[in-house]
Protein chains: 2
Amino acid sequence: MHYSRDNMPGLLRSHDINPTHQRIEIAYALFSRMEHLSADQVMALVNVYHSETSKATVYNTLNLFLQKGLIREVIVDPNKVFYDPNTRPHHHLYDVESGHLTDVDAQDIHISGLPPLPKGTALEGIDLIVRVRKAG
Amino acid sequence: MHYSRDNMPGLLRSHDINPTHQRIEIAYALFSRMEHLSADQVMALVNVYHSETSKATVYNTLNLFLQKGLIREVIVDPNKVFYDPNTRPHHHLYDVESGHLTDVDAQDIHISGLPPLPKGTALEGIDLIVRVRKAG
DNA sequence: TCTAGAACCTGGACTTTGTCTAATTTCGCG
DNA sequence: CGCGAAATTAGACAAAGTCCAGGTTCTAGA
Ligand SMILES: [Mn+2]
Ligand SMILES: [Mn+2]
Ligand SMILES: [Zn+2]
Ligand SMILES: [Zn+2]
């Protein structure tokens with residue numbers, strides 16, 4: 001499900017985020033495409049026509065979205081983090097050469113045999129990453 | 001199984017790596033502890049008594065070890081990569097607060113329902129990361 | 001033993017990704 | 001409108017990592 005720009009204020013408010021111009025643009029970059037984007041890519045997308053959003057605001061806003069649970073982060077590349085507008089439980093397939101990242105539905109996948117968590121710790125999440133490269 | 005310093009030249013040669021003084025020290029830092037270390041931590045360990053190995057050499061050597069299959073890298077933290085002397089198939093449990101990383105044997109774990117790989121790609125590896133934090 | 005090339009190591013400049021801060025702009029509201 | 005709070009900004013700063021030109025060490029052959 002993709003979103004239009006008009007959906008953004010409501011989406012932001014539903015996550016307790018004050019919808020400002022910059023926040024709407026950043027949310028729209030992510031939710032109109034429903035793709036995994038790095039901070040750099042978000043920065044480029046919101047500034048295509050004329051520069052209107054600073055680097056500091058891009059990072060502040062992405063971290064705010066993260067903290068409010070509007071997006072999640074995906075750590076697969078040693079050089080940059082990807083921001084993911086899909087917050088439903090899912091896993092990732094990562095092409096280590098092209099850097100292309102795609103979703104794998106969690107519904108179909110079963111993981112068994114996990115050890116019990118260490119005493120005094122709570123589960124934060126389980127990340128499953130399938131790394132592939134061009135066959136040769 | 002831990003290693004002594006005397007094992008290092010043979011270990012390096014068995015992976016087609018010329019054993020130099022710096023390479024032996026770096027391998028020893030990893031294989032004597034059998035722990036996940038960042039480049040920074042390796043750097044500190046090989047230079048405890050007097051500075052003898054440069055930053056460039058630490059990074060060059062870790063990447064050489066990686067390429068030769070002597071160690072593997074673990075990408076769980078957005079800020080640094082961890083180098084892992086354990087190359088047997090295994091997964092990881094990561095405490096997002098303390099940054100502590102522990103191994104989870106792959107033997108016991110079964111993952112089912114993975115989709116077929118995209119045409120023309122080969123599996124590079126499957127990383128499973130269990131993220132935990134202090135309960136509260 | 002001497003020597004030349006290859007391999008290796010080094011300091012430091014540079015790059016990338018991201019954070020911080022102090023000053024300014026915009027927003028929400030009475 | 002006019003005030004205080006919230007948000008944004010430019011640019012300095014920081015951490016992780018790469019690159020390069022020059023220097024050192026190793027090795028094989030004469
Ligand atoms: Mn950027
Ligand atoms: Mn990095
Ligand atoms: Zn995703
Ligand atoms: Zn490990």
Side-chain angles (χ1 to χ4, degrees), chain A residues 8-9 12-13 15-30 36-47 49-68 70-84 96 99 101, chain B residues 8-9 12-13 15-30 36-47 49-68 70-84 96 99 101:
Chain A
M8 293 304 105
L12 293 175
R13 267 189 277 262
H15 282 80
D16 197 25
I17 297 163
N18 211 344
T20 66
H21 177 59
Q22 286 86 345
R23 287 170 181 177
I24 288 169
E25 289 303 311
I26 291 169
Y28 184 63
L30 286 158
H36 308 88
L37 299 177
S38 65
D40 247 27
Q41 291 176 302
V42 170
M43 180 83 180
L45 286 170
V46 298
N47 289 325
Y49 287 129
H50 43 289
S51 179
E52 45 185 21
T53 305
S54 72
K55 187 174 64 154
T57 296
V58 168
Y59 278 101
N60 286 345
T61 301
L62 289 170
N63 286 328
L64 177 71
F65 286 3
L66 219 47
Q67 177 208 316
K68 294 292 189 178
L70 178 62
I71 62 176
R72 64 141 110 173
E73 64 183 341
V74 184
I75 299 166
V76 286
D77 183 303
N79 295 315
K80 54 180 61 153
V81 359
F82 287 102
Y83 295 91
D84 192 344
V96 296
L101 187 59
Chain B
M8 293 303 106
L12 293 175
R13 269 190 276 262
H15 282 79
D16 197 24
I17 297 163
N18 210 345
T20 66
H21 177 59
Q22 287 87 345
R23 288 169 183 178
I24 288 168
E25 289 303 311
I26 290 169
Y28 184 63
L30 285 158
H36 307 88
L37 298 177
S38 64
D40 246 26
Q41 291 176 302
V42 170
M43 180 85 179
L45 287 170
V46 298
N47 289 326
Y49 287 129
H50 42 290
S51 178
E52 44 185 20
T53 305
S54 71
K55 187 175 63 154
T57 295
V58 169
Y59 279 101
N60 286 344
T61 300
L62 290 171
N63 286 328
L64 177 70
F65 287 3
L66 219 47
Q67 178 207 316
K68 295 290 190 179
L70 178 62
I71 62 177
R72 66 141 110 173
E73 64 183 342
V74 184
I75 299 166
V76 284
D77 183 301
N79 296 315
K80 56 181 59 153
V81 358
F82 287 101
Y83 295 90
D84 191 346
V96 296
L101 187 58

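Labels below follow one simple rule: chain letters A, B, ... track the order of the sequence lines, proteins then strands, and each chain is numbered from 1.
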Next item on the list: Output all residues satisfying side-chain hydrogen bond (donor to acceptor under 3.5 Å, both in side chains) with B/Asp84, sequence neighbours left out; order by chain, then residue number.
Entry: B/His36, B/His90, B/His92

Next item on the list: Kindly state which residues belonging to residues 40-47 of chain B come within less than 4.0 angstrom of DNA chain D, counting heavy atoms of the residue only, listed by number.
Entry: B/Asp40

Below 3.5 Å between N/O atoms, which protein atoms pair up with nucleotides 4-10 of chain D? Just atom names and distances, please.
from	atom 1	to	atom 2	distance (Å)
D/dA7	OP1	A/Arg23	NH1	3.0
D/dT8	OP1	A/Thr20	OG1	2.5
D/dT8	OP1	A/Gln22	OE1	3.2
D/dT8	O3'	A/Gln22	NE2	2.9
D/dT9	OP1	A/Gln22	NE2	3.4
D/dT9	OP1	A/Glu52	O	2.6
D/dT9	OP2	A/Ser54	N	2.9
D/dT9	OP2	A/Ser54	OG	3.1
D/dT9	OP2	A/Thr57	OG1	2.6

Check: Does some side-chain heavy atom of B/Arg23 sit less than 4.5 Å from a side-chain heavy atom of B/Ile17?
Finding: yes

Note to self: Measure CD1/A/Ile17 against P/C/dC27 and give the value in whole Å, please.
What the structure shows: 17 Å

Next item on the list: Grab the CG-P distance between B/Leu62 and D/dG17 for me, whole Å please.
Entry: 9 Å

Next item on the list: State, with a plain yes or no, whether a side-chain heavy atom of A/Thr61 is found less than 4.5 Å away from one of A/Thr20.
Entry: no

Item checked: Spacing of B/His50 atom NE2 relative to C/dT10 atom C1', expressed in whole Å -> 16 Å

Notebook entry, point to check: Which atom names give the shortest non-hydrogen contact between B/Tyr83 and B/Asn63, and what distance separates them?
Noted result: OH-OD1, 4.2 Å

Check: Just how large is the angle between the end axes of the helix from C/dT1-D/dA30 to C/dG30-D/dC1, five pairs per end, to 10 degrees?
Finding: 10°

Check: Whole Å only: how far is the CD1 atom of B/Ile75 from the C1' atom of C/dT17?
Finding: 15 Å

Item checked: Whole-Å gap separating P (D/dT18) and CG (B/Leu66) -> 10 Å

Notebook entry, point to check: In Å, rounded to the nearest 0.5 Å, how long is the span from CD of B/Gln41 to CZ of B/Phe82?
Noted result: 6.0 Å

Note to self: Holding to side-chain hydrogen bond (donor to acceptor under 3.5 Å, both in side chains), I want the full list of residues that pass it with A/Asn18, two or more places apart in sequence or in another chain.
What the structure shows: none

Checklist line | Exercise: identify the closest heavy-atom pair between A/Leu37 and A/Ala29 | finding: CD1-O, 3.8 Å

Next item on the list: Round to the nearest Å and state the distance from B/Phe82 atom CZ to D/dG17 atom P.
Entry: 10 Å

Check: Of all heavy-atom pairs between B/Glu52 and B/Gln22, which one has the smallest distance, and what is that distance?
Finding: O-NE2, 4.1 Å

Notebook entry, point to check: Quick one: does B/Val42's side chain get under 4.5 Å of B/Leu45's, heavy atoms only?
Noted result: no

Next item on the list: Between C/dG18, C/dT19, D/dG17, spot the one nearest the side chain of A/Asn63, thanks.
Entry: C/dT19

Next item on the list: Taking side-chain hydrogen bond (donor to acceptor under 3.5 Å, both in side chains) as the test, write out the residues that go with B/Thr53, two or more places apart.
Entry: none

Notebook entry, point to check: Rounding to a whole Å, what distance do you find between B/Lys80:NZ and C/dT16:C1'?
Noted result: 17 Å

Next item on the list: Would you mind reading off the distance between B/Asp77 atom CG and C/dT17 atom P, rounded to a whole angstrom?
Entry: 16 Å

Note to self: At less than 4.0 Å, is any side-chain N or O atom of A/Tyr59 found next to OP1 or OP2 of C/dT19? Yes or no.
What the structure shows: no

Margin query: Using side-chain heavy atoms (C-beta onward) and a distance below 4.5 Å, is B/Asp77 in contact with A/Ile75?
Written below: no

